[in-house]
Engineer: 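This is the structure I want to talk about, given as structure tokens.
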2 protein chains.
Amino acid sequence: MKHESFHESAEMYLKTASELAGENTPTPIAALAGRLGVSAVSATEMVHRLQEQGLLAHQPYRGISLTAAGQQLADEVVRRHRLWECFLYERLGLPWHEVHDHACRLEHATTPAVTEALDAFLGHPAACPHGNPIDGQAGEPAERLLSELPVGGTAVLVRVHPESEGLLCYLAELDLLPGRRITLREIAPYQGPMVLQTDVGVRYIGREAAAHVHIRLLTEEPA
Amino acid sequence: MKHESFHESAEMYLKTASELAGENTPTPIAALAGRLGVSAVSATEMVHRLQEQGLLAHQPYRGISLTAAGQQLADEVVRRHRLWECFLYERLGLPWHEVHDHACRLEHATTPAVTEALDAFLGHPAACPHGNPIDGQAGEPAERLLSELPVGGTAVLVRVHPESEGLLCYLAELDLLPGRRITLREIAPYQGPMVLQTDVGVRYIGREAAAHVHIRLLTEEPA
DNA sequence: CACTAATATAAGGTTGGCCCAAAAACCGGG
DNA sequence: CCCGGTTTTTGGGCCAACCTTATATTAGTG
């Protein structure tokens, strides 16, 4: 229903492809389509167009993967996005869970000159307010997911990825922000919620949400 | 050639209509089309669409004028534009003549929350770097155009409007920025350039460019 | 090895933004 | 008051991004 320009649309496809590439490669087109809220047919069309431009490679019935050029473009979009998040959160004082959506709109309207000037203005920040690195998605080496934290283990919340307004809002309500120290007390049976002990109280979180929360493990066992 | 989303396109039409409304009302569609770099046919179509949405009124063979709703929308776009210009110039340190174009892209991707937060962050500035007021285009009452300054008269440069990258670049080279004190020495014959005495030296400027430079008259005659 | 679920393609539609060329309406000067 | 030039409108098309509804193809599994 909403029509985006090629520029914008292409950037969204590449950004999303880059996000999903971390999980499984090559990424099935259906996953792309789902994330973008678009039919599989539309996604296939766009993938072909992007392939013709040498931005991604499509192996039929396998999925897609970004070419070097496509990855670079995606990285640039992500960088702009995160720089805007920093600005909106740190300087404008907008809520932690809202800056993602605002940045999603600004990222496509940002020229290189503005990007560089913004980066300098912010003092070349290393990460966005949700903990994601601004240059490359190298990430910490020993990073794990909260959903894989063993019972009794203690960890520090490093980053939330991939982000979405709803998820961030949920985490903000639970005070689960980057830097928060977390110990997993137990996991309720039948895929129930995880019971977390944090420095600001006990919190319950579903497995699915926890799969978006990246942590650095401190100890596997209770002290 | 380039395709903009409805949102963006509509905002550009309204913004431009608002700019041109100052000169002659109702504004001929051809003027709109020319300014937007679009054929008269395309402009007519868009005007119809905007009319259906109650944003502007079209009197056939007369021209268009903004409705209250349309004027309000246009004012909002202009406000966002000028706030971004302030930010880009004052905070990011981008060149005076470049911020217009960057702001043109950002203005359509800016949500109300961001607009208000940005306004507060900038300390509710009264005018953009080119001197145009941010709230409403009330303007100073006794404002005139540089092109109408009588020979021997002295004035202060108040604002540049309407803006365009080329024009701003030209003025920046001449050091003709808001606040600059100008005395018109003479006008070369045959529609020749105006010879200006400024506090930073003598400058020559064409009549057409001067028609975009708004001034506040200090004295009609030399002291 | 055949079958099913995932994936791809084909066909046909919609909408929005743009274009050109040609017809129609208007306006001002003779 | 009519004629010519400008403006607007109409008709006819193009393209990109989306959609749905089939129909093929294929990969992995029983």
Side-chain angles (χ1 to χ4, degrees), chain A residues 1-17 20-21 23-65 70 73 77 104-105 107-109, chain B residues 1-17 20-21 23-65 70 73 77 104-105 107-109:
Chain A
M1 197 94 298
K2 75 174 127 186
H3 290 261
E4 291 170 347
S5 60
F6 171 72
H7 181 73
E8 202 167 321
S9 222
E11 285 190 350
M12 284 306 288
Y13 273 86
L14 293 175
K15 191 178 85 158
T16 307
L20 295 176
E23 295 168 19
N24 38 336
T25 325
T27 312
I29 289 185
L32 243 195
R35 181 68 73 89
L36 288 165
V38 143
S39 77
V41 177
S42 302
T44 303
E45 277 180 1
M46 192 67 193
V47 161
H48 287 330
R49 249 171 272 148
L50 292 172
Q51 189 179 228
E52 277 164 22
Q53 314 216 344
L55 297 172
L56 46 76
H58 178 219
Q59 306 161 257
Y61 297 96
R62 289 282 147 140
I64 58 163
S65 45
L73 253 177
V77 177
C104 262
R105 314 197 63 204
E107 69 190 6
H108 307 294
Chain B
M1 199 94 299
K2 74 175 126 182
H3 290 261
E4 291 171 347
S5 63
F6 171 71
H7 180 73
E8 200 168 321
S9 221
E11 285 189 350
M12 284 307 287
Y13 273 86
L14 292 176
K15 192 178 84 158
T16 307
L20 294 177
E23 296 167 19
N24 38 335
T25 325
T27 313
I29 290 185
L32 244 196
R35 182 67 73 90
L36 289 164
V38 144
S39 78
V41 177
S42 304
T44 303
E45 279 179 357
M46 194 67 194
V47 161
H48 286 330
R49 252 172 267 148
L50 292 172
Q51 189 177 228
E52 276 165 22
Q53 315 216 343
L55 297 173
L56 46 78
H58 178 217
Q59 303 161 259
Y61 298 96
R62 294 276 146 151
I64 58 163
S65 45
L73 252 177
V77 177
C104 261
R105 315 196 63 204
E107 69 190 5
H108 308 294

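By convention in this document, chain letters (A, B, ...) are assigned in the order of the sequence lines, proteins followed by strands, and residues within each chain are numbered from 1.
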Engineer: Nearest-Å distance, CD (B/Glu52) to P (C/dT15)?
Structural biologist: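 In whole Å, C/dT15 P and B/Glu52 CD are 13 Å from each other.
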
Engineer: Using whole Å, report how far CD of A/Gln59 lies from C1' of C/dA8.
Structural biologist: 15 Å

Engineer: Please write out each protein N/O paired with an N/O of nucleotides 1-6 of chain C under 3.5 Å, distance rounded to 0.1 Å.
Structural biologist:
none

Engineer: Toward the 5' end of DNA chain C, which comes first, A/Glu45 or A/Gly63, by nearest nucleotide?
Structural biologist: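 Looking at DNA chain C, the more 5' nearest nucleotide goes with A/Gly63.
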
Engineer: Separation of B/Arg62 atom CZ from D/dT6 atom P, in whole Å?
Structural biologist: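 So the CZ-P distance, B/Arg62 to D/dT6, works out to 19 Å.
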
Engineer: Counting only side-chain heavy atoms from C-beta out, which of D/dC18, C/dT9, D/dC19 sits nearest to A/Tyr13?
Structural biologist: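 Selected nucleotide: D/dC18.
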
Engineer: Just wondering, do B/His58 and B/Leu50 contact through their side chains at under 4.5 Å, heavy atoms?
Structural biologist: no

Engineer: Can you identify which nucleotide, out of C/dA11, C/dC18, D/dT8, has its nearest atom closest to the B/His58 side chain?
Structural biologist: D/dT8

Engineer: Assign A/Val41 to base, sugar-phosphate, or nothing according to its heavy-atom contacts below 4.0 angstrom with the strands shown.
Structural biologist: base

Engineer: Roughly, in whole Å, what's the span from CG in A/Leu36 to P in D/dC18?
Structural biologist: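 Interatomic distance, CG of A/Leu36 to P of D/dC18: 8 Å.
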
Engineer: Given C/dC19, D/dA17, D/dC19, which nucleotide is nearest the side-chain atoms of B/Ser42?
Structural biologist: C/dC19

Engineer: Return the CD1 to OH distance between A/Ile29 and A/Tyr13, rounded to the nearest 0.5 Å.
Structural biologist: 9.5 Å

Engineer: If you assign B/Pro60 and A/Arg49 each to the DNA chain D nucleotide with the nearest heavy atom, which residue ends up on the more 5' nucleotide?
Structural biologist: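 Final value for this comparison: B/Pro60.
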
Engineer: When the distance from CD of A/Glu8 to C1' of D/dA17 is rounded to whole Å, what number comes out?
Structural biologist: 12 Å

Engineer: Quick one: B/His108 NE2 to C/dG17 P, roughly how many Å, whole number?
Structural biologist: 13 Å

Engineer: Using side-chain heavy atoms (C-beta onward) and a distance below 4.5 Å, is A/Leu32 in contact with A/Ile64?
Structural biologist: yes

Engineer: Rounding to an integer number of Å, can you tell me how far A/His7 NE2 sits from D/dC15 C1'?
Structural biologist: 19 Å

Engineer: State whether a side-chain donor-acceptor pair under 3.5 Å links B/His7 with B/Glu11.
Structural biologist: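 B/His7 vs B/Glu11: donor-acceptor pair found between side chains.
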
Engineer: Heavy atoms from C-beta onward define the side chain here; which of D/dC18, C/dC18, D/dT9 lies closest to that of B/Val38?
Structural biologist: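 In terms of side-chain proximity for B/Val38, the closest of D/dC18, C/dC18, D/dT9 is C/dC18.
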
